[in-house]
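Treat the numbers as computed from the prediction; the structure is a model and nothing was measured.
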Amino acid sequence: MLDNLSSRFQEIFKKVRGHGKLSESNIKEALREVKMSLLEADVNYKVVKDFTAKVRDKAIGTDVLQGINPGQQFIKIVNDELVELLGGTNSRLTKGVRKPTIIMLAGLQGAGKTTFAAKLGNYLKKQGEKVLMVAGDVYRPAAIKQLQVLGEQTKIDVYAEEDNKNVVEICEHGLEKAHELGSTYMIIDTAGRLHIDEQLMQELDDVRKKVRPQEILLVVDAMIGQDAVNLAESFNKVLSIDGIVLTKFDGDTRGGAALSIKSVVGKPIKFIGVGEKIDDLELFHPERVVSRILG
Ligand code: GDP
């Protein structure tokens with residue numbers, strides 16, 4: 001994951017360290033390379049421009065050029081700005097006062113919603129929570145079965161209605177079930193389409209208005225790069241999402257989605273999916289991701 005970006009940055013830093021003393025033109029050259037590397041990683045153009053401008057302002061300040069170890073200071077500035085770009089700190093899940101806390105998942109088909117529902121359920125269960133997963137992906141019959149199988153595997157309750165296509169109704173019944181079972185969290189898996197369409201958005205909005213989830217997470221495949229930004233903006237406009245889950249971070253992702261999304265959409269990445277198995281889930285820690293990139 002992020003291998004290309006990582007090796008590009010390491011090359012740039014090696015050069016910077018090699019200079020001993022840094023001149024303004026050394027820094028400009030390094031910045032040009034940083035910019036190219038980020039663009040190659042499919043980071044949004046405006047994000048790259050703002051990022052390099054910030055690093056330039058800090059690095060060209062006399063403190064860095066005249067400091068004891070200018071190379072190291074330049075690297076620290078890049079490090080800190082990358083952490084900022086990724087959202088600064090880890091953003092936690094909301095925990096509502098009323099029970100259950102309702103988490104609704106949204107996203108395109110194949111993004112990894114159903115898998116994430118079970119990963120999240122399992123993560124919460126390990127923290128002592130009692131979870132109910134609601135099968136709201138009613139258009140893909142296999143999705144209901146998939147959630148039920150995952151529920152059996154993880155020993156997490158699943159609420160499904162095979163013959164009902166009314167998601168709002170299913171969620172309302174699911175909520176009754178959650179009260180009956182004493183669930184502390186209810187996770188709603190929803191339907192996705194290949195593309196965003198009005199019907200999908202309307203349906204998600206209906207669920208949102210009726211069931212009032214405390215947290216709406218948009219599940220996005222990290223492999224789609226900066227397209228994730230447009231996607232997240234469209235969902236955010238209608239649903240006002242609370243956070244983003246980037247799946248398939250274990251794959252050959254260049255980093256464009258992760259590095260663009262927070263500063264364009266303004267919503268934090270909360271989790272990353274790092275594999276197909278139930279335990280392949282990590283809380284998103286910006287500083288950890290940056291240390292993976294910078295090595
Ligand atoms: P949905 O249509 O959004 O519900 O997507 P699914 O949960 O069915 O996932 C689609 C495919 O992506 C499945 O083959 C999953 O095993 C796979 N998948 C989901 N999350 C991850 C991940 O973090 N890493 C990898 N490598 N594969 C994932």
Side-chain angles (χ1 to χ4, degrees), residues 87 89-107 111-138 143-144 147-148 150-152 154-162 164-192 200-220 232 235-245 265-273 278 281-284:
T89 52
N90 166 253
S91 305
R92 305 227 150 243
L93 277 182
T94 314
K95 182 158 187 177
V97 264
R98 61 187 159 116
K99 280 183 194 157
T101 296
I102 302 174
I103 302 176
M104 175 170 128
L105 309 181
K113 271 184 310 305
T114 307
T115 310
F116 174 70
K119 285 179 176 178
L120 179 63
N122 196 48
Y123 165 84
L124 291 168
K125 187 180 153 211
K126 279 188 186 162
Q127 297 184 349
E129 303 291 348
K130 187 164 169 50
V131 182
L132 175 70
M133 302 193 286
V134 176
D137 186 351
V138 289
I144 298 176
L147 198 67
Q148 284 167 331
L150 289 167
E152 275 166 32
T154 50
K155 301 197 168 44
I156 294 173
D157 296 315
V158 173
Y159 182 80
E161 293 181 24
E162 272 93 353
N164 192 352
K165 294 256 184 280
N166 185 331
V167 192
V168 174
E169 225 174 75
I170 294 173
C171 290
E172 285 177 320
H173 297 162
L175 190 54
E176 283 166 21
K177 187 76 185 171
H179 287 140
E180 196 184 303
L181 293 170
S183 314
T184 53
Y185 275 89
M186 174 166 127
I187 301 171
I188 306 173
D189 185 22
T190 61
L200 164 71
M201 287 300 186
Q202 188 58 53
E203 193 176 276
L204 293 172
D205 194 34
D206 289 346
V207 175
R208 178 179 73 93
K209 285 187 182 133
K210 203 75 190 180
V211 190
R212 302 199 151 276
Q214 278 90 344
E215 181 106 27
I216 300 177
L217 296 177
L218 177 66
V219 181
V220 182
F235 274 89
N236 191 37
K237 221 183 283 164
V238 180
L239 294 176
S240 182
I241 60 173
D242 299 287
I244 291 151
V245 177
V265 188
K267 297 296 160 90
I269 301 169
K270 295 201 173 185
F271 290 94
I272 47 176
I278 291 295
L281 181 71
E282 291 179 15
L283 281 172
F284 185 72

Would you indicate whether the side-chain heavy atoms of [Y] and [X] approach each other to under 4.5 Å?
X	Y	value
Glu129	Ser183	no
Phe116	Ile187	no
Leu150	Ile278	yes
Ile216	Leu204	no
Val238	Gln202	no
Phe235	Leu200	yes

Closest heavy-atom pair and its distance - [X], [Y]:
X	Y	value
Ala135	Ala160	CB-CB, 3.8 Å
Lys125	Ile156	CD-CG1, 3.8 Å
Ile241	Ala232	CD1-O, 4.4 Å
Ala106	Leu239	CB-CD1, 4.1 Å
Ala143	Thr114	O-CG2, 4.1 Å
Met133	Gly151	CE-CA, 3.8 Å

Inset, instruction - Decide if atom NZ of Lys130 counts as having more than 12 heavy atoms of other residues, nucleotides or ligands within a radius under 6.0 Å. - result: yes
Inset, instruction - Applying salt bridge (Lys or Arg N to Asp or Glu O under 4.0 Å) between Glu215 and each of Lys270, Arg92, Arg208, report the one that passes. - result: Lys270
Inset, instruction - Decide side-chain contact (heavy atoms from CB on, under 4.5 Å) for Lys113 and Thr190; before the verdict, give the C-alpha distance in whole Å, the side-chain angles of both, and the deciding distance to 0.1 Å. - result: CA-CA 8 Å; Lys113 271 184 310 305; Thr190 61; 4.0 Å; yes
Gap separating the [atom1] atom of [X] from the [atom2] atom of [Y], nearest 0.5 angstrom:
X	Y	atom1	atom2	answer
Lys210	Asp205	NZ	CG	13.0 Å
His173	Asn164	NE2	CG	7.5 Å
Met186	Cys171	CE	SG	5.5 Å
Asn122	Leu281	CG	CG	9.0 Å
Ile188	Asp137	CD1	CG	12.5 Å
Tyr159	Ile144	OH	CD1	11.0 Å

Legend entry - Working for side-chain contact (heavy atoms from CB on, under 4.5 Å), residues Ile102 and Leu175: CA-CA 9 Å; Ile102 302 174; Leu175 190 54; 3.8 Å; yes
Inset, instruction - Classify the side-chain pair Thr101/Gln214 by whether it contains a donor and acceptor separated by less than 3.5 Å. - result: no
Legend entry - Residues Ile244, Phe284; criterion side-chain contact (heavy atoms from CB on, under 4.5 Å); working and verdict: CA-CA 10 Å; Ile244 291 151; Phe284 185 72; over 6 Å; no
Inset, instruction - Would you please test Leu120 and Tyr185 for side-chain contact (heavy atoms from CB on, under 4.5 Å) and show each step? - result: CA-CA 10 Å; Leu120 179 63; Tyr185 275 89; over 6 Å; no
Legend entry - Pairing of Lys177 and Glu161 as salt bridge, 4.0 angstrom limit: no
